[in-house]
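Beneath this line is the structure, given in structure tokens, with notes to follow.
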Number of protein chains: 2
Amino acid sequence: MAETPIDFRTAPDRYRHWKLALENGVAYLTMDVNEDAGLRPGYKLKLNSYDLGVDIELADAVQRLRFEHPEIGAVVIRSQRDRIFCSGANINMLGLSTHDHKVNFCKFTNETRLAIEDASQHSDQTYICSINGIAAGGGYELALACEQILLADDGSSAGSLPELPLLAVLPGTGGLTRLVDKRLVRRDHADFFCTTAEGVRGKRARDWRLVDTLIPPSKLAEETKKIAEGVAAKSKRPKDTKGIALPPVERTIDGDTIRYAHVTVEIDREQRVARFRVNGPAAAPPADAAAIHAQGAGFWPLALARQFDDAMMHLRLNETEIGTWVLQSQGDAALVEAYDALLTKEQSHWLVREIVLYWKRTLKRLDVSSRSLIALVEPGSCFAGTLFELVLAADRSYMLDGVFEGSNLPAATVRLTPMNFGPYPMGNGLTRLGTRFLAEPDKIDELKDEIGKPIDAEAADELGLVTFTPDDIDWEDEVRLVLEERAGFSPDGLIGMEANLRFAGPETMETKIFARLSAWQNWIFQRPNATGPEGALKLYGTGKQSKYDRKRA
Amino acid sequence: MAETPIDFRTAPDRYRHWKLALENGVAYLTMDVNEDAGLRPGYKLKLNSYDLGVDIELADAVQRLRFEHPEIGAVVIRSQRDRIFCSGANINMLGLSTHDHKVNFCKFTNETRLAIEDASQHSDQTYICSINGIAAGGGYELALACEQILLADDGSSAGSLPELPLLAVLPGTGGLTRLVDKRLVRRDHADFFCTTAEGVRGKRARDWRLVDTLIPPSKLAEETKKIAEGVAAKSKRPKDTKGIALPPVERTIDGDTIRYAHVTVEIDREQRVARFRVNGPAAAPPADAAAIHAQGAGFWPLALARQFDDAMMHLRLNETEIGTWVLQSQGDAALVEAYDALLTKEQSHWLVREIVLYWKRTLKRLDVSSRSLIALVEPGSCFAGTLFELVLAADRSYMLDGVFEGSNLPAATVRLTPMNFGPYPMGNGLTRLGTRFLAEPDKIDELKDEIGKPIDAEAADELGLVTFTPDDIDWEDEVRLVLEERAGFSPDGLIGMEANLRFAGPETMETKIFARLSAWQNWIFQRPNATGPEGALKLYGTGKQSKYDRKRA
């Protein structure tokens, strides 16, 4: 583990780079990066450039606004700086970072942008970007994640993606994909835009669909407010209710064990494995939405999602050598099912909607984690409904057929609930069951008949719900073998393989961003033309010119 | 240019690795790789493994069967060797190859596999793979490109994708994508399969959808014949007509000029530019399909496609430092339009269908070429219909507004024909116009009103058909600027950018293969774990064990 692990937990009163203000149903998220408060030493966050620390605060704000502020119907992203909106990811930081940090940093920022779009599309909390100067690289990509882009029409404010001409890399946060797939910018215009370091401004920016609205600079603040308040007024979020507070996620790190209330992660450095043990609920669910609201962040599904999410983020950035995540659970499947029933019954309540959407995002974070995922379904486990999604998210699952000798725990079962049939789509837009059974679409209806029934290993195998079902004689060997095997393979090969096998079926902007765009960016991050000693990323700002290898691969 | 350029022109009587036999409407393509006949020195093509030379012959056979043999309705791919179907791409060849050769090799083999699928799907010439032993890596991927996979049920014949466990790379020819997206293999089964070097055989192979039919080894030949003849009998290809011969594509390479009858390519090594000059037809088209058949390979659209295709393949593999392809044309647009009208009128004729499908594949080869594509529309050009697709395929197009001073050529126009509205879909399934106007789908109907009209620069700009329309005062500077700019950028960055911008809209198996799978493979080919001095690809066969960097990116 890195000496000072990166901590993903923060709160508005601790933000160093953003200001959050609320007014008339609109939240104003104002970027004002503290150049001396980088996450690591060695670079200054000049000109509203960002590193992972800046994005952790943004992700926190996006998350909090959904839970803590049901009254907020629109969010404005803007800059505190004069003539600079945001100049993107900090280049010196990228130049100093290891390959794995760069890639994991880009993945997290991509997830934050997608969380912004998820808020606009599914929570009726619509993001609007107000650009008062240069929005370069990641700065313009942040704008692309918003539903409306307002640009000061002052002859100098501009969007730009200067990565290719200046740095020999790609816009790493979905920019290329969102240009042509979200904003439907014509490809030849996109080609010009992405190869023109100074970017595009004014009328051409609007005509080419790069921004939505041009506003005279003197009226930018006022018009932004008017537009945002208009959007907020149309939002169906409940304006007359209170949000719930999201206190810090409590955890202890004790050697190689990370403990949360509902999740324990044990790291085996020898095997390069992290074992996630998820605990089912300790008691029956509360009666209704009002009671859920009263429990707030303590409500088991929400508390678990926050803990699981934090654990994943921690492991991704701080434990990059731990290549396999083993997913286990323990608890009472009937209670898990009861919680799912409550989520289903109260699905129209704003807070329940937020909790379910958060589980959706948490499971998607698991899907795109560059770790091998192995689920173990053992006696005492509680893989039902929402928790069964962990098994479906795994690259492989092993379910013990029968009991362990000498144990009095009954044989494991798994259970389906309505939550497995819709609320948690993957990035490809299909449910995990839908993706699993692309070859047998009728199977989905058959599986609906199994909802609520305990399914033992033999039946789960028959239904295709798990991969292998060894008995207690073979269990230990089979599990040991797959973990040893995984630890022995090339991590790069596994990352590429998993990224290709996990998302069969339709592609979406999201899968394009994580699969194709990220893969190309990873490749380029590895090429001497970008990151070699004479690469553009290394030489940027030195006045020296890169000498490129000209061969076209 | 490489000292001995790779030549893509071959014919059955010169094949060194394949045997082609025809019987009862079925073609038998039998792989029997000559281990001493590798394309380059330094490796032996043992165990029916292949290099680019083997695949060039396969591509030639696939192409010839369509044009020369209308009577063939099914093609069997099989092996001459005992107990070995094909052991995939030759590993020593990969270990000795430069990065750019590996990547361009994989791209060509991918195009050949897609040409196989195109023949099955659109030409009613259906491919069947008959596996009599080990089909490993690229061997099994070749099987995946066929519509039916027959496997000897002998306890040892197996499909396998051992790339990841043995070589730390990915199956590079669409294997991962076809597993989950074509054969709809369940992801956990695919995970097991791709991590198990010895592969999967017998009943499990069939149950997991890895193969279609198990056949006792003693009956494999006979059953394959029966199945193939059954498929051939159902084919609607004309059994009572003669094909046309495909003589060698004639060309001369004279210094930096490559001359074909209808295409000239001039290479400017200083600018790193290749200028393709396509010539329109010299005379009016023949009257009908019978006359086209009589002209055979000399029919202008077919001759041009073969020449253009050969030029692209040559430049891709032999001129990797030439990063920009400029697309120009000269001739009579009315004649080009007349040829398009003939192709449209005779579209149901088998030969015309093949010619149009070949143009579709040729244009797709252009789409996935890792070169910047700049189209120049000048006075004297003939960018109409089929040839206008070259302009639409370009990353950017420049059209001169007006005439060149001192020239008596009239101002350039472009022209649409029905061929721009359907017959040439891109890999994403949309036409180039459909992809271009994703933001304005109604525009397609408006453009249909323009069919057959000469469209000048101002109108082309207004209609969104070209990118920029400088006048003669600015022309030279603008064109020079874009070519210089392109030559100055990092090739890697351009490759990644173009791969992301060219395919907006829906994704297909094909775009997944070229965009996401290839990108991951490129990344892995660049990683020390695979190709470093201690990487798996370098150490394969030495008995030494790779030491992997364990960080998960």
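Because only heavy atoms are used, hydrogens play no part in the values below, and waters and symmetry mates are left out as well, while side chains stay in. Lettering of chains follows the sequences in order, A, B, ..., and the numbering in each one begins at 1.
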Set out, in order, the CA-CA distance, both residues' side-chain angles and the distance that settles salt bridge (Lys or Arg N to Asp or Glu O under 4.0 Å) for A:D100 and B:R552, then state yes or no. CA-CA 6 Å; A:D100 60 286; B:R552 283 274 188 155; over 6 Å; no
Given B:R486 and A:D191, is the salt bridge (Lys or Arg N to Asp or Glu O under 4.0 Å) satisfied, shown in steps? CA-CA 11 Å; B:R486 230 60 188 188; A:D191 180 275; 2.7 Å; yes
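Without hydrogens or angle criteria, A:T467 side chain to B:D188 main chain gives no donor-acceptor distance under 3.5 Å. Judged purely by atom type and a 3.5 angstrom limit, B:K512 uses its side chain to pair as donor or acceptor with the backbone of A:G505. Listed for the B:S490 side chain is no donor-acceptor partner under 3.5 Å among the backbone atoms of A:N529.
With a threshold of 4.5 angstrom between heavy atoms, B:Q545 does not approach chain A through any atom at all. Neither the backbone nor the side chain of A:F105 comes within contact range of chain B, judged by heavy atoms closer than 4.5 Å. Both the backbone and the side chain of B:L494 come within contact range of chain A, with heavy atoms under 4.5 Å apart. Heavy atoms closer than 4.5 Å to chain A are found nowhere in B:R316, neither backbone nor side chain. At a 4.5 Å heavy-atom cutoff, the contact between A:L392 and chain B is made by backbone atoms alone. Neither the backbone nor the side chain of B:S546 has a heavy atom closer than 4.5 Å to any heavy atom of chain A. Contact of B:A515 with chain A is made through backbone and side chain together, with heavy-atom distances under 4.5 Å. B:L176 touches chain A through backbone and side chain together, each having a heavy atom under 4.5 Å away. There is no contact between B:I513 and chain A, counting heavy-atom distances below 4.5 Å. Contacts between B:E498 and chain A at a heavy-atom distance below 4.5 Å involve the side chain alone, from C-beta outward. Neither the backbone nor the side chain of B:S369 has a heavy atom closer than 4.5 Å to any heavy atom of chain A. At a 4.5 Å heavy-atom cutoff, the contact between B:R371 and chain A is made by backbone and side-chain atoms alike. Looking at B:F193, there are no atoms closer than 4.5 Å to chain A (heavy atoms on both sides), in backbone or side chain. Heavy atoms closer than 4.5 Å to chain B are found nowhere in A:E163, neither backbone nor side chain. For chain B, the nearby parts of A:L517 are the backbone and the side chain; heavy atoms of each come within less than 4.5 Å. Contacts of B:F525 with chain A are absent, with no heavy-atom separation under 4.5 Å from either backbone or side chain. For B:V466, the part sitting under 4.5 Å from any heavy atom of chain A is the backbone (N, CA, C, O) and nothing else.
A 4.5 Å side-chain heavy-atom check between B:I495 and A:W520 finds at least one atom pair inside the cut-off. Between B:D549 and A:P491 there is no side-chain heavy-atom pair separated by less than 4.5 Å. Counting heavy atoms from C-beta on, the side chains of B:L170 and A:M497 come closer than 4.5 Å. Side-chain contact between A:R516 and B:F503: present, with at least one pair of heavy atoms (C-beta onward) separated by less than 4.5 Å. Using a 4.5 Å heavy-atom threshold, the side chains of A:R186 and B:L501 count as separate. Counting heavy atoms from C-beta outward, A:T508 and B:E507 have side chains that stay 4.5 Å or more apart.
Heavy-atom pairs under 4.5 Å with chain A peak, among B:H189, B:E485, B:R502, B:K107, at B:R502. Chain A forms the most heavy-atom pairs under 4.5 Å with one residue out of B:A487, B:S397, B:P528, and that residue is B:A487. Each of A:K102, A:R187, A:E321 has some count of heavy-atom pairs under 4.5 Å with chain B, and the biggest count is that of A:R187. The residue among A:V169, A:L161, A:L164 with the most heavy atom pairs within less than 4.5 Å of chain B is A:L164.
Within 6.0 Å of CZ on A:F192 lie more than 12 heavy atoms contributed by other residues, nucleotides or ligands.
Ring geometry for B:F468 against A:W208 counts as tilted: the plane angle lies between 30° and 60°, on a 0 to 90° scale.
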